[in-house]
Amino acid sequence: MFSKKWYALVAALVIGGTLLAACAPPEAEVREVVVTKIVEKAGETVVEEVIVTATPEPVKPVEFKSADPNTLYDITGAGDTDTLDPAWNYESAGDAVILNIYDQLVTYNGSDATSFVPSLAESWEISDDGLTYVFHIRQGVKFHDGADLTPEDVAYTLQRGVLQGGGWSPQWLYTEPLFGTGIYDIAELVDPSGDLDDDPEALQAADPDLLMAACEAVMDAFVADEAAGTVTMNLGQSWGPWLATLAQSWGSILDKDWAIENGAWDGDCATWQNYYGITSENAPLRDVTNGTGPYMLDHWTPGEETVLVANPNYWRVEQNVP
């Protein structure tokens, strides 16, 4: 009979041999493997070593051929899209879809997070005090429905986003540089205490003069000049991340007429409070899109799939813009 210490020795030797074999490179030829075993000869316990040579089967490369090379399937664990309304969306799953459907005025210069290149704006100027940005809007760009991009579309898009507000939306990224540090929602231009934030009914009951003044302040912040082909943005304070803010998904530009036809704010300062505080669940643009980007929405089945198709008239291709 073998004692427990012999079994322990056998176990250690076997484990050691296994680890040595496991650490060998998968493609390398295993020339010698030393196997140690304990045997009993002539009434004595003897440790023997046996040398075994072997060559593993070569590793075969794995080859994958798509049944449809024109379709990209992306299986993600990032969660489902919450809304396709760029003014409301504030999560990464929605960003990934929106940034493929819509374009912004500027975009990142490759992987450099600190410099920007033209997109829907061909160029821009910044005043010496950092308070005024003038964007020259690119001509010849069409939305997915065939309508032409105009400066009015750009100004309306940003006005509408800020006036829609919402504490769970990204709009505070605009209101603070436009109206002052600590202003996180358009409702605070009506009541600085913040008591009206995310309370549509209370906001609608506020002083009409204050409501009109708040809307006019937003209109003055984003001014379109169709004749000049520009949009001027007037900030309340110099704001270094302004271009970075415009380059994100919430800077996506909408077609004004299309947005209004689909139930978004009608562009009238007398009515903006009726569209304030829209949530992702009741946003009229939650599941419809009309951008200028390289892909168009085919359909979105929440919880299952989002299918995009290529935009055959993408302006970057037609204008040979890298």
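Owing to the predicted nature of the structure, the values given are computational and were not obtained by experimental measurement. What you see below is based on every heavy atom in this structure, not just the backbone, and it leaves out hydrogens, waters and symmetry mates.
Taken to the nearest 0.5 Å, the CD atom of E318 stands 8.0 Å off from the CG atom of N311. A distance of 10.5 Å separates CG in D287 from OG1 in T301, rounded to the nearest 0.5 Å. Taken from CG in L131 to CG in N234, the straight-line distance is 8.5 Å, to the nearest 0.5 Å. The CG atom of L163 sits 7.0 Å away from the SG atom of C269 when rounded to the nearest 0.5 Å. Between the CD atom of Q164 and the CD atom of Q159 there is a distance of 13.5 Å, given to the nearest 0.5 Å. Summarising the geometry, atom CG belonging to L84 is positioned 9.5 Å from atom CG belonging to L285; distances are rounded to the nearest 0.5 Å.
Residues satisfying the side-chain contact (heavy atoms from CB on, under 4.5 Å) criterion with Y295, sequence neighbours excluded, are N100, L308, A310. Residues meeting the side-chain contact (heavy atoms from CB on, under 4.5 Å) test with P170, sequence neighbours left out: Y90, L173, W250. For E125, there are no salt bridge (Lys or Arg N to Asp or Glu O under 4.0 Å) partners two or more places apart in sequence or in a different chain. With sequence neighbours left out, the side-chain contact (heavy atoms from CB on, under 4.5 Å) criterion links D268 to D266, A270, T271. For S111, there are no side-chain contact (heavy atoms from CB on, under 4.5 Å) partners, not counting sequence neighbours. Annotation: ring pair (Phe, Tyr, Trp, His ring centres under 6.0 Å) contacts of F222 (sequence neighbours excluded): none.
Remark: the Y276 side chain and the D185 side chain contain an N/O donor-acceptor pair separated by less than 3.5 Å. Using modelled atom types and a 3.5 Å distance limit, the side chains of T83 and D85 yield no donor-acceptor pair. Checked by atom type, the side-chain pair N282/T279 shows a donor-acceptor distance below 3.5 Å.
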Tell me, with the steps shown, if W242 and Y174 meet ring-ring contact (aromatic ring centres under 6.0 Å, His included).
CA-CA 8 Å; W242 187 246; Y174 292 119; 5.7 Å; yes
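Of the candidates Y133, F135, F116, W124, L246 forms a side chain to side chain contact (heavy atoms under 4.5 Å, CB included) with just one, namely F135.
Within a 6.0 Å sphere centred on CD of Q319, heavy atoms belonging to other residues, nucleotides or ligands number more than 12.
Counting only distance, with no hydrogens or angles, the side chain of R138 and the backbone of W315 share no donor-acceptor pair below 3.5 Å. For the pair E152 (side chain) and A224 (backbone), a donor-acceptor distance under 3.5 Å is absent. Remark: side-chain polar atoms of E91 are paired, donor with acceptor, to backbone N or O of A93 under 3.5 angstrom.
A salt bridge between K142 and D148 is present, with a side-chain N of the basic residue lying under 4.0 Å from a carboxylate O of the acidic one.
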